[in-house]
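Residue numbering restarts at 1 for every chain, and letters A, B, ... go by the order of the sequence lines.
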Amino acid sequence: MKYDFAAIEKKWQDKWEELKPYAAVTGSDKPKFYGLIEFPYPSAAGLHVGHPRPFTAIDIVSRKKRMEGYNVLFPIGYDAFGLPTENFAIKNHIHPSIVTKQNVENFTRQLKMLGYGFDWDRVVDTTDPKYYKWTQWIFLQLFKKGLAYKTTMPVNWCTSCKCVLANEEVVEGVCERCGAPVVRKEKSQWMLGITKYADRLIDDLDDVDFIERVKTQQRNWIGRSTGTEVTFKTSTGDDVTVYTTRADTLYGVSYMVISPEHPLLNKWKDIIGNWDEVEAYKEAASRKSDFERGELNKDKTGVRLQGVEATNPANGATVPMFVSDYVLMGYGTGIVMGVPGHDQRDWDFATKFGLPIVEVVSGGDVTKEAFVAKDDSAIMVNSDFLNGMTVAEAIPAMKKYAVEQGWGKEQVNFKLRDWVFSRQRYWGEPIPLVNCPTCGWVPVPESELPLVLPQVESYEPTDDGESPLSKMTDWVNTTCPCCGAPAKRETDTMPQWAGSSWYFLRYMDPHNDNELVSKEAEEYWGPVDWYNGGMEHTTLHLLYSRFWHKFLYDIGVVHTKEPYAKRTSHGMILGKNPHYVGFAETEEEKQALIEKYGSQAQRPAVKMSKSLGNVVNPDDVVKAYGADTMRLYIMFIGDFEKTATWSDDAVKGSKRFLDRCWNLMDMAQDSFEVSKKNEAITHKTIKKVGDDIEALKLNTAIAALMTMVNEFYSNGVTKGDLEYLMLLLSPFAPHMVEEMWELTGFAAKNDGKMAMQMDWPKYDESKTVDAEREMAVQVNGKLRSTIIVAADADEQTIIDTACADEKIQRQLNGMQIVKTIVVKNKIINLIVKPAK
RNA sequence: GCCGGUGUGAUGGAAUGGUAGACGUGACGGACUCAAAAUCCGUUGGUGGCGACACCGUGAGGGUUCGAGUCCCUCCACCGGCACCA
């Protein structure tokens, strides 16, 4: 009988649609398991082959959990607001909501095609007013607690399109679309106070099971550092405070620098002797794009403030003050102390402006470059009472002294900035606030949520950088919910990150019109037990959603501090690079490729893209080989965490394996007993596959199943042996297994239960070991022979057997054994030296 | 520059400090076939040897160990992220 995957997959998908074996039951007595994948952005291009990698992996985990008796929640939804849809809509003159609807339908078809065990009754869509009602509700709670505030801040402004760009749209300092330079422009923006949660976002990482890479990246992104704030007196009458992590270098300060945006500069307008020059510098700095200011311009520039001097509180020395754009207004206090001896940036600046360079930590040559000690055991010099101390001792000593003297205090700083939450775009959740001339910003009453995104004729960005909604005067003009006077709605919308910051909560109770999630559902399902997603979301989505969840915890909506108990990450799927030099036949071709594509030509694999023609469409794969093959291959492709390259050839291997499984039915003896010959491999495989699924090592789990099948081919097989193969394979290739389960009579035998409804098989540790073991025998660490010994042989028997081996005899000739090392079931090492 | 990761046959990739290359592609040989495909059975790291075997081999160089792909040190290359964060 032939394995007709197309018919079989259709048959079982229809059956699942009808029977709903994947429905999650809130409040069941079974232990719960909540497996989560990052919900996709429904693009016009459809599912990419990258999507099935995490989806299949967590599907497999979820299926195994179900068989182990868990009540499983494995949901799916769509993160459908966002720029690509909006741009597609503008270009093709179709309303974004229609584009979204079409894309969601296509994604749904593709996901069902792949046989995922999603609970399709719990689908969420961030663009559904019933959903974003609660996104808006959360925003209002943030607003009420003072965590959402409006402030003027610099945004990316395209000088040619005359519009605000998201950071993602700025590529190397120029506009992604038109290539014109992008500059900073001051605009009023809604912000969320994520920095208030910075400490908790770092500290609570200790309590969750995230892969270490993710934790490190989050910690680095938040960037907590503990240092000292030191206050200097200045000749202007104002004191200035600097932040430093190197209080030990205070005796090495030879100048001060203030950021061009610092408000004190304007205050000092009349004091600064060369104000014209300073003002021109400020002006120039504001005109610079981020790119010029950061990437290109590592050259230090600046202007000395005539008539402004600061006094070093540590030694009373008077030092000049400069304005320079290498000091950022957004970090620390916007003013730094210049220690050119021990900070390379300060050294560059001091060298350029001819400022003194004082050595206060010994070990380098500060006339050549700044000495930044790798460890903190270097010794202090030229530093009064710190002399002779190590850096490690000097930092706290100086800090303590500064605090005692009243001009210093300990200070913790973060790199993390507050979250810029508004977008001047159409396709997002409207921000539910009204601006009243008398009452200020007033929330739309919760009873009026959702504040529905109005239908507009034109959703193109405006010339003045205002949201497209601002042109909808009917919608914009409203009355103040507070005093009833005429007022205007906020016309900015929320960023795409809003809807995705809490979607996992909605899955728990997706049809609830009265609450975001019911207490009962949240307490039953929360937290997410296992969340898998891409590394690219580690610093944005993951951090934002942890922040929102902590806020919801604080206001009593959820019962756990952290949303996700466990986080894993998958690698990207790349395509073959058609321009790779390795594919060139001749030397000339190679040279031509390198000339044309540069370093791109050196990479065998690159991201899939239409222009390279290396995109693989899951539809085509499923059509040619079936969904089970697709699922199996994408798991077998390699280490789940690493990037992998798609290979059309290798897909065949997975198909061949499924064929081999299928064909076993023809050769199976008609007995429901496990054959003695296959007992060891069966127990070994149950163990290996189970362990590997838990560790997400699905490639080796599949390899183990292949080994099992290979043994079945050489040992012969019974239906009883097949039962275990089917159960183990069921999470990977659910369609084919159900068909086999039925054909081999196991369905009938088990009251019509499907394989996926059976218990996950258990193994007997004692049966996973063969009666006899092969052991390697080394002489002086070099492999010389292998021996066969009984699994329960004692050490002496093993040594005797090894020494009796013919090849070992030859090695031992004329030698005496001085030491033996025996590692049970693995290896024996005989250490010998020439006999006297 | 900083942080994180990777480097293993022709190739994708396996290896709790314990027989390097599991499993899969590809290639080669055989069976079946008029033939091909499919399928099944073998072989497949390199060098030398008819052979038994011997030597070499996990980016480079050192080290620790009875034993290192794995641990430590110093480099090199590539990938990802951040980048004047005081």
Side-chain angles (χ1 to χ4, degrees), chain A residues 2 212-217 219-221 223 225 227 242-246 249 257 293-295 297-300 324-328 330-339 342-346 348-349 372 413-417 535-536 538-539 571-572 574 582 599 602-605 632-633 636-639 641-654 656-657 659-660 663 667 697 699-707 709-710 713-714 774-787 806-807 810 818-832:
Chain A
K2 204 178 165 299
E212 212 45 49
R213 270 192 306 155
V214 168
K215 286 192 185 184
T216 316
Q217 213 169 303
R219 286 193 192 104
N220 290 347
W221 185 264
S225 71
V242 301
Y243 172 76
T244 179
T245 52
R246 292 293 304 275
T249 62
V257 193
R293 202 165 152 171
E295 295 270 334
N297 223 343
K298 300 272 181 188
D299 257 12
K300 298 291 177 283
S324 173
D325 65 5
Y326 87 86
V327 175
L328 309 174
Y331 185 78
T333 62
I335 303 176
V336 303
M337 58 185 210
V339 185
H342 306 285
D343 181 290
Q344 192 56 44
R345 293 157 306 179
D346 294 350
D348 293 341
F349 190 85
V372 185
N413 264 336
F414 299 93
K415 289 185 190 175
L416 184 70
R417 290 287 97 84
M535 281 306 286
E536 70 274 21
T538 303
T539 47
M572 252 193 309
L574 302 177
S599 63
Q602 306 287 349
R603 299 178 196 166
L632 205 70
Y633 173 63
F636 189 59
I637 195 165
D639 186 330
E641 284 192 21
K642 293 187 196 146
T643 51
T645 311
W646 182 272
S647 157
D648 283 325
D649 268 346
V651 180
K652 289 179 199 153
S654 297
R656 203 171 286 164
F657 168 66
D659 280 332
R660 275 166 72 78
N663 292 338
M667 61 185 275
K697 293 172 79 169
N699 53 335
T700 50
I702 294 167
L705 288 166
M706 288 171 167
T707 305
V709 168
N710 290 345
Y713 268 84
S714 47
E774 191 184 47
M775 281 183 72
V777 185
Q778 296 184 337
V779 178
N780 287 347
K782 253 187 186 315
L783 179 70
R784 292 298 176 185
S785 185
T786 55
I787 54 169
E806 195 191 330
K807 289 175 198 166
R810 232 178 295 149
V818 292
K819 191 176 176 188
T820 56
I821 291 129
V822 178
V823 181
K824 224 25 189 338
N825 292 337
K826 294 245 163 92
I827 202 163
I828 159 163
N829 192 4
L830 305 171
I831 311 305
V832 302

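One can find a donor-acceptor pair under 3.5 Å joining the base of U19(B) and the side-chain atoms of E774(A). For K415(A) against C82(B), a side-chain-to-base donor-acceptor contact under 3.5 Å is absent.
Here the separation of U74(B) from G26(B), taken at their C1' atoms, is 39 Å to the nearest Å. Between A54(B) and C3(B), the two C1' atoms lie 47 Å apart (nearest whole Å). Rounded to whole Å, the separation between the C1' atoms of G57(B) and G7(B) comes to 16 Å. G4(B) sits 13 Å from C73(B) when the P atoms are compared, rounded to a whole Å. Using P as the reference atom, U25(B) and C78(B) are 33 Å apart when rounded to the nearest Å. For A52(B) and C41(B), the P atoms lie 26 Å apart once the distance is rounded to whole Å. Rounded to the nearest Å, the gap between the P atom of U58(B) and that of U19(B) is 16 Å. Using P as the reference atom, U47(B) and G9(B) are 15 Å apart when rounded to the nearest Å.
Along RNA chain B, the nucleotide nearest A650(A) and the nucleotide nearest G334(A) are compared for position; the residue whose nucleotide lies closer to the 5' end is A650(A). In terms of position on RNA chain B, the residue among N825(A) and R213(A) whose nearest nucleotide sits closer to the 5' end is R213(A).
Using a 4.0 Å heavy-atom cutoff across all strands shown, D346(A) reaches no nucleic acid atom at all. Note on K697(A): only backbone sugar-phosphate atoms sit closer than 4.0 angstrom, heavy atoms only; bases stay farther off. Within the nucleic acid shown, I637(A) comes within 4.0 Å of sugar-phosphate atoms alone, with no base atom in reach, counting heavy atoms only. Note on T245(A): only backbone sugar-phosphate atoms sit closer than 4.0 angstrom, heavy atoms only; bases stay farther off.
Look at CD1 on I335(A): it is 17 Å from C1' on C84(B), rounded to the nearest Å. The distance from atom CG of N699(A) to atom P of G12(B) is 15 Å, rounded to the nearest whole Å. Here A22(B) presents its P atom at 12 Å from CG of N710(A), a figure rounded to the nearest Å. When the C1' atom of G13(B) is taken as reference, atom CE of M706(A) falls 12 Å away, rounded to whole Å. Rounding to whole angstrom units, CZ of residue F414(A) and P of A86(B) are separated by 13 Å. Rounded to an integer number of Å, the gap from CG of L783(A) to C1' of C53(B) is 13 Å. Taking atom CG of D639(A) as the reference point, atom C1' of G24(B) lies 16 Å away to the nearest angstrom. Spacing between atom CZ of R417(A) and atom C1' of C82(B) amounts to 14 Å, rounded to whole angstrom units.
A close approach under 4.0 Å does occur between a side-chain nitrogen or oxygen of R784(A) and OP1 or OP2 of C55(B). When the side-chain nitrogen and oxygen atoms of R656(A) are compared with OP1 and OP2 of U25(B), one or more of them lie within a distance under 4.0 Å. The phosphate of C56(B) (OP1 or OP2) has a side-chain N or O of K782(A) nearer than 4.0 angstrom. Checking the phosphate oxygens (OP1, OP2) of C41(B), a side-chain nitrogen or oxygen of R660(A) falls inside 4.0 Å. The side chain of Y331(A) contributes an N or O atom lying less than 4.0 Å from OP1 or OP2 of A86(B). Contact annotation: N220(A) does not reach the phosphate of A83(B) (side-chain N/O to OP1 or OP2, under 4.0 Å). N829(A) has no side-chain polar atom (N or O) that falls below the 4.0 Å cut-off from OP1 or OP2 of G18(B). Proximity of K826(A) to the phosphate of U19(B): no side-chain N or O atom is located under 4.0 Å from OP1 or OP2. Note on T700(A): every side-chain N or O is 4.0 Å or more away from OP1 and OP2 of A22(B).
Residue F636(A) has its side chain nearest to C23(B) when only U25(B), G5(B), C23(B) are considered. The side chain of T216(A) lies closest to C3(B), out of A86(B), A14(B), C3(B). Of the candidate nucleotides A14(B), U19(B), G67(B), U19(B) has the atom nearest to the side chain of A776(A). Which of C53(B), A86(B), U19(B) sits closest to the side chain of V327(A) comes down to A86(B). Checking C66(B), G18(B), C23(B) against the side-chain heavy atoms of Q778(A) singles out G18(B) as nearest. Listed nucleotides: C53(B), G18(B), C40(B). Nearest to the side chain of I821(A): G18(B). Comparing G18(B), G13(B), G4(B) against the side chain of V823(A) picks out G18(B) as the nearest.
The aromatic rings of F349(A) and Y326(A) are tilted relative to each other, their planes meeting at an angle between 30° and 60°.
Applying the 6.0 Å contact sphere to CD of E212(A) captures more than 12 heavy atoms from other residues, nucleotides or ligands.
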request  = Test Q778(A) against I821(A) for side chain to side chain contact (heavy atoms under 4.5 Å, CB included), laying out the working first.
outcome  = CA-CA 9 Å; Q778(A) 296 184 337; I821(A) 291 129; over 6 Å; no
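Classification of G9(B) as syn follows from a glycosidic angle within 90° of 0.
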